[in-house]
Amino acid sequence: LQVERRLSPLTLRSYQIDLTQFIDFLAPQQLATNQVKSQTIRAWLVELSNQGIQNRSINRKLATLRTFYKYLLRRGDLTDNPMHTIRMVKTSKTLPSYIRESEMNQMLTLHEKPKNTFEEARDQLALMLLYGTGMRLAELLQLTQHQINLPSKTLRVIGKRNKERIIPMPQLLVDLIKQYQSLNPYQNATLLLTDKGEPCYPMFIQRLVKKYLGEVSTLEKLSPHVLRHSYATHLLNLGADLNAIKELLGHANLAATQVYTHNSMEKLKEIYK
């Protein structure tokens, strides 16, 4: 998964957790993974459901097992795939949550004054990189100084499976990067650093986003991914082409991008009126 399929560290960690949970479930029955039958997997699904695990999470665990058992078949450790008759469980489709344009403008107004400290400049830059480019949290954390091209106002982002894409930056973001670089006392290739000069980590950015978005939004879930959703929704609302948004987000296919068209229904109603 890491070398051949080049999955992200977060995906690898999720797969590892899923497999560990499944092996823990098998332990009392003294079953090895290559002795499992379909009934055993169904019993695990029932247990997960009884624990209150959401169907979306259960499907992720099923996807992990499906990949794992295909791997065992290729290695010759199995002759019969127990996942063959297992189907994904039904999930309700949820639309991406996003911050309204008026709320984002309010937040920008609250924090538009030039920053005098490294910490303040970093916080503002992290928020604007997420909203101004639509990049994923993992992409933000891996961003280095060398991936920024200020003269051309572009960022080179390394996405899922090491796919590279170029994202244009608004002038505001260019100015924020220059401000941050002038206040940064540390010599580190990684762009975003903690107060101690170490690369930022997921929880650090998540807390930061929750703190600042909480000032302007009443959304229950305030996460870095909400800013990615906001970026795509606002672009679509303002007339951007869906294929262009797909390229900017780094989606492999258009189906993943089309989910944002539902959020634009209010805009369509206004146009219709």
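Ion pair Arg165/Glu139 flagged as a salt bridge, since at least one NZ, NE, NH1 or NH2 atom sits closer than 4.0 Å to an Asp/Glu carboxylate oxygen. Under the 4.0 Å criterion applied to side-chain N and carboxylate O atoms, Asp123 and Lys115 are not assigned as salt-bridge partners. Salt-bridge check for Arg122 with Glu119: failed, with every basic side-chain N at 4.0 Å or more from each acidic carboxylate O.
Met107 CE to Gln124 CD: the interatomic distance, rounded to the nearest 0.5 Å, is 8.5 Å. Of the inter-residue distances, the one linking Arg56 atom CZ with Lys61 atom NZ reads 14.5 Å to the nearest 0.5 angstrom. Between Ser97 atom OG and Leu222 atom CG the span is 9.0 Å, to the nearest 0.5 Å. To the nearest 0.5 angstrom, Leu130 atom CG is 7.0 Å from Leu137 atom CG. Considering CG of Leu143 and NE2 of His146, their distance stands at 11.0 Å, rounded to 0.5 Å.
A donor-acceptor pair under 3.5 Å is formed between the side chain of Ser14 and the backbone N or O of Leu10. Of the possible donor and acceptor atoms, none in the side chain of Ser217 sits under 3.5 Å from a partner among the backbone N and O of Leu213. Under a 3.5 Å cut-off, the side chain of Thr154 and the backbone N or O of Leu150 do not form any donor-acceptor pair. A side-chain donor-acceptor contact under 3.5 Å links Arg66 to the backbone of Ile86. When atom types are taken as modelled, the side chain of Thr194 and the backbone of Cys200 share no donor-acceptor pair closer than 3.5 angstrom. Side chain of Ser182 to backbone of Gln179: a donor-acceptor contact under 3.5 angstrom is found. Without hydrogens or angle criteria, Asn59 side chain to Val89 main chain gives a donor-acceptor distance under 3.5 Å.
In this structure, His84 has its ring center no closer than 6.0 Å to that of Tyr69. Checked against the 6.0 Å centroid threshold, Phe118 and Tyr186 count as a close aromatic pair.
Counting heavy-atom neighbours within 6.0 Å of Arg156 CZ, excluding the residue itself, gives a total above 12. Around atom CD of Gln106, more than 12 heavy atoms belonging to other residues, nucleotides or ligands sit under 6.0 Å away. Environment of CG in Asn162: crowded, with over 12 heavy atoms of neighbouring residues, nucleotides or ligands closer than 6.0 Å. By the neighbour-count criterion of 12 heavy atoms within 6.0 Å, atom CZ of Arg100 is sparsely surrounded, having that number or fewer from other residues, nucleotides or ligands. A 6.0 Å sphere centred on CD of Gln258 holds more than 12 heavy atoms belonging to other residues, nucleotides or ligands. Within 6.0 Å of the CD atom in Gln51, the count of heavy atoms belonging to other residues, nucleotides or ligands exceeds 12.
Linking Ile, Leu, Val, Met, Phe, Trp and Tyr residues whenever their side-chain heavy atoms come within less than 4.5 Å leaves Ile158 and Leu192 in two separate clusters. Using a 4.5 Å cut-off between side-chain heavy atoms of Ile, Leu, Val, Met, Phe, Trp and Tyr, with links allowed through other members, Ile23 and Phe68 fall into different hydrophobic clusters. Both Leu19 and Ile41 are part of a single hydrophobic cluster, where members link through side-chain heavy atoms under 4.5 Å apart. Linking ILVMFWY side-chain heavy atoms closer than 4.5 Å, directly or via other members, places Tyr15 and Trp44 in two distinct hydrophobic clusters.
The shortest side-chain heavy-atom distance between Leu62 and Met83 falls under the 4.5 Å cut-off. Side-chain contact between Leu125 and Leu173: present, with at least one pair of heavy atoms (C-beta onward) separated by less than 4.5 Å. Here the side chains of Leu227 and Met104 are in contact, with some heavy-atom distance below 4.5 Å. Between Tyr201 and Leu141 the shortest side-chain heavy-atom distance does not fall below 4.5 Å. Residues Leu236 and Leu242 are in side-chain contact: their nearest non-hydrogen atoms beyond the backbone lie under 4.5 Å apart. Looking only at side-chain heavy atoms (C-beta outward), Tyr98 and Leu219 stay at 4.5 Å or farther from each other. With a 4.5 Å cut-off on side-chain heavy atoms, Glu101 and Leu238 count as touching. Between Leu155 and Met135, some side-chain heavy-atom pair lies under the 4.5 Å cut-off.
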Requested in this report: Output, in order, the C-alpha distance, side-chain angles, deciding distance and verdict of salt bridge (Lys or Arg N to Asp or Glu O under 4.0 Å) for Asp80 and Lys37.
Outcome: CA-CA 9 Å; Asp80 186 35; Lys37 303 295 180 190; 5.2 Å; no
**Report entry** Full working for side chain to side chain contact (heavy atoms under 4.5 Å, CB included) between Arg5 and Thr67
**Finding:** CA-CA 11 Å; Arg5 291 183 58 187; Thr67 309; 3.2 Å; yes
Query - Val209 and Val226: CA distance, side-chain angles, deciding distance, side chain to side chain contact (heavy atoms under 4.5 Å, CB included) verdict - result: CA-CA 9 Å; Val209 167; Val226 166; over 6 Å; no
Query - Val36 and Phe22: CA distance, side-chain angles, deciding distance, side chain to side chain contact (heavy atoms under 4.5 Å, CB included) verdict - result: CA-CA 11 Å; Val36 168; Phe22 184 59; 4.1 Å; yes
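Side-chain contact of Asp175 with Gln171: a donor-acceptor pair under 3.5 Å is present, judged by distance alone. No hydrogens or angles considered: a donor-acceptor pair under 3.5 Å links the side chains of Ser8 and Thr11. When only modelled atom types and interatomic distance are considered, Gln145 and Gln181 share a side-chain donor-acceptor pair under 3.5 Å. With no hydrogens or angles considered, a side-chain donor-acceptor pair links Gln147 and Thr144 at under 3.5 Å. Between Thr85 and Ser38, the side chains place a donor N or O and an acceptor N or O closer than 3.5 Å (distance only, hydrogens not considered). For the 3.5 Å distance criterion, the side chains of Ser102 and Asn105 fail to qualify, holding no donor opposite an acceptor.
Considering Lys246, Glu247, His251 in turn, His251 is the only one that fulfils the side-chain hydrogen bond (donor to acceptor under 3.5 Å, both in side chains) rule with Thr257.
In this structure, Phe25 and Thr40 approach most closely via the heavy-atom pair CE2-O, 3.6 Å.
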